[in-house]
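See below for the structure under consideration.
Each ligand, and each atom within it, is numbered from 1 in the order the structure gives. All residue numbers in this chain count up from 1 along the given sequence.
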Amino acid sequence: MKKSVRKAVIAGNWKMNNTPAQTTALINEMKPLVADADCEVVLCVPFVDVPAAVEAAKGSNIKIGAENVHFKDNGAYTGEVSADMLLALGVEYVVIGHSERRTYFGETDQTVNLRTLKALEKGLKPIVCVGETLEQRELGYTETLLKFQTKMALTNVTADQLKNVIIAYEPVWAIGTGVTATDDQADEGNGFVRAAIAEAYGAEAAEGVTVQYGGSMNAKNADELVDKVNVDGGLIGGASLKAPDFATIVKAASK
Ligand code: 13P
């Protein structure tokens with residue numbers, strides 16, 4: 001990462017794991033291990049775990065995020081959660097457009113854009129996920145796809161709002177598979193994302209945007225990944241469920 005212009009962000013994405021009691025225990029275990037971090041430390045947790053997470057993280061350097069947010073203020077949207085509800089609980093970040101939501105829950109580039117706009121309007125920091133499938137990569141569409149998803153997600157986002165946006169490049173084939181992108185593949189993918197932002201907002205604005213890598217990032221490979229100039233931290237799934245592993249990744253990004 002380029003420390004002169006960007007701060008690394010290490011964010012855990014717990015997905016559908018941990019009860020509130022487990023949340024309290026895990027964050028209490030993590031707190032002392034990440035206290036010296038020289039990067040932003042975020043845990044994105046299931047909605048029902050947010051109160052326990054905010055309470056446990058109080059007074060520490062751990063920020064709490066959610067895993068989704070709806071694009072309307074309120075109304076007849078059964079099962080959905082609004083930005084105001086999250087803000088009222090102390091949430092600061094929100095994952096938007098994760099590939100699991102795109103694959104299993106009908107998330108589209110349009111709804112990703114709407115959720116991103118709502119999050120920014122309300123003052124939540126979106127962590128917007130983009131990434132190609134293995135088939136798209138093998139067909140040679142990685143750059144086109146990443147640029148398209150990035151630009152679609154940022155439609156109508158102002159240059160000022162862009163400063164609060166994090167993009168996470170998560171190759172779908174690397175998520176939960178144990179197959180990590182090589183550090184060069186991660187750097188290249190993140191570079192495509194940054195190039196798309198530069199095309200839309202100019203090179204200087206793009207240089208300031210945090211672009212994370214996500215996909216089987218772990219305690220063993222984090223050092224090499226965050227060493228790459230375009231990799232400004234990570235969005236961590238499985239390894240964020242184990243305090244020592246997560247702390248090792250935070251340490252790698254703090255160097
Ligand atoms: P894994 O780290 O478990 O591969 O998950 C990555 C991810 O999807 C983070 O959002």
Item checked: Heavy-atom nearest neighbour in the protein, as seen from atom 3 (O) of ligand 1, with distance rounded to 0.1 Å ->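 Atom 3 (O) of ligand 1 sits closest to the protein heavy atom G238 N, 2.9 Å.
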Could you tell me which atoms of ligand 1, counted from 1 in the order shown, lie closer than 4.0 angstrom to a heavy atom of [X]?
| X | answer |
| --- | --- |
| S216 | 1 (P), 2 (O), 4 (O) |
| K15 | 5 (O), 6 (C), 7 (C), 8 (O) |
| A174 | 4 (O) |
| E170 | 6 (C), 7 (C), 8 (O), 9 (C), 10 (O) |
| H98 | 7 (C), 8 (O), 9 (C), 10 (O) |

Next item on the list: Output yes when the distance from some N or O of ligand 1 to some N or O of G237 is under 3.5 Å, and no in every other case.
Entry: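 Yes; the residue has a nitrogen or oxygen that sits under 3.5 Å from a nitrogen or oxygen of the ligand.
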Notebook entry, point to check: Can you check whether E100 has an N/O within less than 3.5 Å of an N/O in ligand 1?
Noted result: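 Checking ligand 1 against E100, no N or O pair falls under 3.5 Å apart.
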Item checked: Among L235, V128, I127, the one residue meeting side-chain contact (heavy atoms from CB on, under 4.5 Å) with I167 ->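 Testing I167 for a side-chain contact (heavy atoms from CB on, under 4.5 Å) against L235, V128, I127 leaves exactly one candidate, V128.
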Next item on the list: Going by the side-chain contact (heavy atoms from CB on, under 4.5 Å) test, name the single residue among T210, L120, L124, V209 that passes it with N164.
Entry: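 Only one option passes, and that is L120.
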Next item on the list: Select one of side chain, backbone, both or neither to describe which atoms of S99 lie under 4.0 Å from any atom of ligand 1, heavy atoms only.
Entry: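 For S99, there is no contact with ligand 1 at all, from either part.
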Check: Using heavy atoms and a threshold below 4.0 Å, how should the contact between I175 and ligand 1 be classified: side chain, backbone, both, or neither?
Finding: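 Looking at I175 and ligand 1, atoms from backbone and side chain both fall under 4.0 Å.
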Please state whether [X] comes within less than 4.0 angstrom of ligand 1, counting heavy atoms only.
| X | result |
| --- | --- |
| G178 | no |
| G214 | no |
| G215 | yes |

Item checked: Pairs where residues 38-79 contributes a residue and the test ring pair (Phe, Tyr, Trp, His ring centres under 6.0 Å) is met, not counting sequence neighbours ->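 For residues 38-79: H70-Y77.
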